[in-house]
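In each ligand, atom 1 is the first atom listed, and ligand 1 is the first ligand listed.
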Amino acid sequence: MGLTIAQKIIKEHLVEGEMVAGKEIALRIDQTLTQDATGTMAYLEFEAIGIPRVRTKLSVAYIDHNTLQSGFENADDHRYIQSVAKKYGIRFSRPGNGICHQVHLERFGVPGMTLIGSDSHTPTGGGIGMLAMGAGGLDVAVAMGGGAYYITMPKMIKVNLTGALRPWVSAKDVSLELLKILSVKGGVGYIVEWGGEGIKTLSVPERATITNMGTELGATTSIFPSDEITEKFLIAQGRGDAYRPLSSDSDAVYDRVIDINLSEVEPLLACPHSPDNIKSARELSDVKVNQVCIGSCTNSSLRDMLRVAAILKGKKIDDSVSLSVSPGSRQVLTMLSECGALSDMIEAGARILECACGPCIGMGFSPNSAGVSLRTFNRNFEGRSGTRDAQVYLVSPEVAAASALTGYITDPRTLGDYPEIEMPEKFKVNDSAVLLPAEENEAKSLEVLRGPNIKPFPDANPVTDEIAAKLTLKVGDNITTDHIMPAGAKILPYRSNIPYLSKFCFAVCDEQFSERAKEAGSTIIVGGSNYGQGSSREHAALVPLYLGVRAVVAKSFARIHAANLINAGILPLTFENAEDYDRLAQDDALTLIGVFEGMRSGKMSLKNERTGEIIPVTCSFTDRQIAILTAGGLLPYTRNSK
Ligand code: MIC
Ligand code: SF4
């Protein structure tokens with residue numbers, strides 16, 4: 001039986017386990033990346049593991065999220081990460097050099113290699129045929145130390161593309177089309193592999209938009225073949241030697257095949273507040289727009305920016321619209337400036353922001369109250385923009401630019417001819433903003449610079465055979481990590497200060513939660529399906545740990561968050577019968593019974609002390625995960641097993 005592309009890469013990197021869907025496998029990791037919002041914690045964890053030098057082929061620390069320095073905290077974290085990187089053998093991408101995924105694709109990604117990143121959009125690297133996955137910071141720290149990365153062997157979805165995109169339709173619309181088909185949980189447990197004749201019409205940045213957005217399906221990752229288009233991109237980046245062809249075998253077997261005819265895709269939008277709430281631009285033409293934001297790791301490539309500039313050239317944005325443009329990298333920004341496209345955008349009325357995540361994670365540029373904001377980003381979860389009642393729509397650069405001109409949601413096809421853009425043969429390469437680590441000898445004597453905002457990790461709380469806890473919060477389906485541990489300009493600077501962060505835990509759902517949990521001392525949270533979708537932030541597990549959360553009982557979990565809970569020593573458990581969800585209410589006193597035996601057998605009992613009912617809950621932990629939970633988390637487990 002032939003292999004898919006992902007299976008080939010997995011086979012080459014397998015260090016433990018069998019390649020059978022649903023079974024745990026361990027992978028050797030070639031490259032890691034971190035960004036600053038998760039990086040400070042990841043490097044504190046790396047230091048706590050106590051390995052003198054990274055053991056990967058390449059590790060890069062990016063500063064791209066917390067670039068709004070409205071106090072000392074972010075700058076202190078940048079300095080901490082820079083000093084850790086220099087000492088331990090990690091490259092340091094300075095603030096302003098760009099968004100981690102965009103820069104990594106341009107400068108470091110290698111087809112056929114494995115990459116994990118402490119950011120859920122790491123699958124962007126799948127655009128050049130990498131097996132690139134988002135992970136919790138601690139998993140990345142372990143991989144930097146040479147440890148394997150453990151995942152459940154995924155099933156495979158093939159998306160077969162035919163035809164070619166019509167003018168004004170772009171890769172973003174293809175991602176939105178797949179979200180319409182699969183929903184935000186349809187990819188859980190799968191790798192999405194893209195193939196068919198249609199892929200030959202898509203450039204690397206377009207492919208990367210698609211693999212980036214695959215995160216929103218809940219997929220483990222998404223991947224394109226590495227072909228002559230990949231080679232062309234790498235040559236244009238001056239990295240032709242990184243090229244290696246990669247394709248699936250003709251008899252590879254997929255668990256599901258989805259056909260999309262690119263010629264039939266039309267301009268789409270994801271409506272508030274979920275990336276799978278899809279409508280066509282045609283249907284929404286009477287919606288007035290207040291703000292348009294172009295950028296983020298999804299749509300900030302040179303191709304996207306040139307397209308936007310060409311649409312705006314010689315025109316003026318509508319008086320009622322505020323438009324921001326954040327190019328994805330310094331390379332993109334420099335090239336835009338040299339060819340005059342930057343001026344075209346500025347003259348049309350765009351506000352140019354730095355090459356960073358910016359508005360995508362609520363780092364400035366929040367919309368007006370109840371404002372309608374069109375964003376070329378990948379997430380439109382409630383409150384994420386920093387304005388609680390904002391109405392955020394996810395769109396392509398084409399829809400964004402067209403709507404900025406008219407002031408209404410606009411099907412860009414109504415603008416007439418699709419302006420031509422010319423992609424350069426060669427990108428402008430200047431890696432001076434990526435600082436190299438010190439040589440090993442010099443590194444030993446280097447000091448790591450810590451600011452006062454770095455506070456100790458929460459204490460480990462190893463599982464016990466019986467856990468008595470209060471149900472302090474019951475939430476519904478598709479709870480995101482932005483609900484559990486919100487981000488944004490006011491909170492993000494405190495990512496290394498768990499006690500401070502804890503005040504905001506679940507604040508979007510219930511402002512009293514944090515106090516209630518602290519008072520209860522020991523907590524169980526009850527959730528619906530796809531609990532923990534979205535970000536890789538391990539803070540969505542570490543903060544609950546700090547607040548005394550011992551277990552989360554839900555209908556189902558998102559992959560990275562479930563792993564983060566285990567890494568923090570918190571039990572992710574599922575209802576055996578989904579309807580038992582209704583038999584539990586906030587403030588119920590609960591007891592988990594038979595935990596030790598249950599972790600092995602896959603079944604334990606949850607007693608509701610109020611009603612006396614026994615609710616069966618299930619789990620499927622590997623021996624390694626049981627050992628982690630018993631040790632009180634991955635950090636004590638890794639330290640003990642060194
Ligand atoms: C996001 O897009 O939600 C983030 C911010 O990039 C997160 C990481 C984080 O919370 O720091 C992600 O996607 O993993
Ligand atoms: Fe940054 Fe937004 Fe991409 Fe997350 S999704 S890495 S916040 S640009």
Task: Between Tyr88 and Phe46, ring centroids under 6.0 Å - done: yes
Open item on the list: Under a 4.0 angstrom heavy-atom cut-off, which atoms of ligand 2 come close to Asp119?
Closed with: 6 (S)
- [ ] Step by step, work out the side chain to side chain donor-acceptor pair (under 3.5 Å) result for Arg537 and Ser535.
- [x] CA-CA 5 Å; Arg537 61 188 74 144; Ser535 152; 3.0 Å; yes
- [ ] Identify, for atom 8 (C) of ligand 1, the protein heavy atom at the shortest distance, and state residue, atom and that distance.
- [x] Gln35 NE2, 3.1 Å
- [ ] Heavy-atom contacts with Ala37 under 4.0 Å: which atoms of ligand 1 show up? List them by number with element.
- [x] 11 (O)
TODO: Step by step, work out the side chain to side chain donor-acceptor pair (under 3.5 Å) result for Tyr62 and His101.
DONE: CA-CA 9 Å; Tyr62 293 91; His101 308 303; over 6 Å; no
Open item on the list: Using only atom types and a distance under 3.5 Å, with no angle test, would you say the side chain of Thr211 pairs donor to acceptor with the backbone of Pro123?
Closed with: yes
Open item on the list: One residue to check: Asp64. Relative to ligand 2, which of side chain, backbone, both or neither has a non-hydrogen atom less than 4.0 Å away?
Closed with: neither
Task: Whether Tyr494 and Tyr500 hold their rings parallel, tilted or perpendicular, with breakpoints at 30° and 60° - done: tilted
Task: Side chains of His121 and Glu216 in contact at under 4.5 Å (non-hydrogen atoms) - done: yes
- [ ] Could you check if a side-chain atom of Leu176 sits within less than 4.5 angstrom of a side-chain atom of Leu269, using non-hydrogen atoms only?
- [x] no
- [ ] For atom 14 (O) of ligand 1, state which one of Ser296, Gly136, Ser536 supplies the nearest heavy atom.
- [x] Ser536
Open item on the list: Within the structure, is a non-hydrogen atom of His539 found at a distance of less than 4.0 Å from ligand 1?
Closed with: no
Task: Proximal ligand 2 atoms for His121, defined as those under 4.0 Å from one of its heavy atoms - done: 5 (S)
Open item on the list: Quick check: do Glu511 and Lys503 have side-chain heavy atoms less than 4.5 Å from each other?
Closed with: no
Task: Protein contact to atom 7 (C) of ligand 1 [nearest heavy atom, distance to 0.1 Å] - done: Ser535 OG, 3.2 Å
Task: ligand 1 N/O within reach of Ser120 N/O, cut-off under 3.5 Å - done: yes
TODO: Within a distance under 4.0 Å of any heavy atom of His65, pick out the atoms of ligand 1 and give their elements.
DONE: 4 (C), 5 (C), 6 (O)
- [ ] State whether a side-chain donor-acceptor pair under 3.5 Å links Arg375 with Gln291.
- [x] yes
Open item on the list: Heavy-atom distances under 4.0 Å decide this one: backbone, side chain, both or neither, for Thr298 against ligand 2?
Closed with: neither
Task: Top protein contact for atom 4 (Fe) of ligand 2, by heavy-atom distance - done: His65 NE2, 3.8 Å
TODO: Give yes if a backbone or side-chain nitrogen or oxygen of Arg495 is under 3.5 Å from a nitrogen or oxygen of ligand 1, and no if not.
DONE: yes
Open item on the list: With a cutoff of 4.0 Å, is Met485 in contact with ligand 1, counting heavy atoms of the residue only?
Closed with: no
TODO: Would you tell me which option among Asn378, Ile99, Leu492 has the nearest heavy-atom contact to atom 5 (S) of ligand 2?
DONE: Asn378
Task: Ligand-side contact atoms (ligand 1) for residue partner Arg379, heavy atom cut-off under 4.0 Å - done: 1 (C), 2 (O), 3 (O), 12 (C), 13 (O)
Task: Closest protein heavy atom to atom 1 (Fe) of ligand 2, given as residue, atom name and distance to 0.1 Å - done: Cys357 SG, 2.3 Å
Task: Polar atom proximity, Ser118 to ligand 1 (N or O, under 3.5 Å) - done: no
TODO: Please test Asp119 against Ser536 for side chain to side chain donor-acceptor pair (under 3.5 Å), starting from the C-alpha separation and ending with a verdict.
DONE: CA-CA 5 Å; Asp119 192 281; Ser536 68; 5.4 Å; no
Open item on the list: Closer than 4.0 Å to some heavy atom of Ile361 - which atoms of ligand 1 meet that?
Closed with: 5 (C)
Task: Nearest-option assignment for atom 2 (O) of ligand 1, heavy atoms, candidates Arg537, His121, Arg384, Met363 - done: Arg384
TODO: Heavy-atom distances under 4.0 Å are what count here, so tell me which part of Asp119 touches ligand 1: side chain, backbone, both or neither.
DONE: both
- [ ] Please confirm whether Phe381 and His483 have ring centers closer than 6.0 angstrom.
- [x] no
Task: Donor-acceptor side-chain pairing of Ser556 and Ser529 below 3.5 angstrom - done: no
Open item on the list: Distance under 4.0 Å to a non-hydrogen atom of Thr38: what atoms of ligand 1 satisfy this?
Closed with: 9 (C), 11 (O)
- [ ] For the pair Phe233 and Phe427, name the ring-plane relationship: parallel under 30°, tilted 30 to 60°, perpendicular over 60°.
- [x] perpendicular
Open item on the list: I'd like to know if atom 3 (Fe) of ligand 2 has an N/O/S atom from Cys297 within less than 2.8 Å of it, counting both backbone and side-chain atoms.
Closed with: yes
Open item on the list: Is it true that Thr40 and Ser496 share a donor-acceptor pair across their side chains at a distance under 3.5 Å?
Closed with: no
Open item on the list: For atom 2 (Fe) of ligand 2, what is the closest protein heavy atom, and at what distance to 0.1 Å?
Closed with: Cys360 SG, 2.3 Å
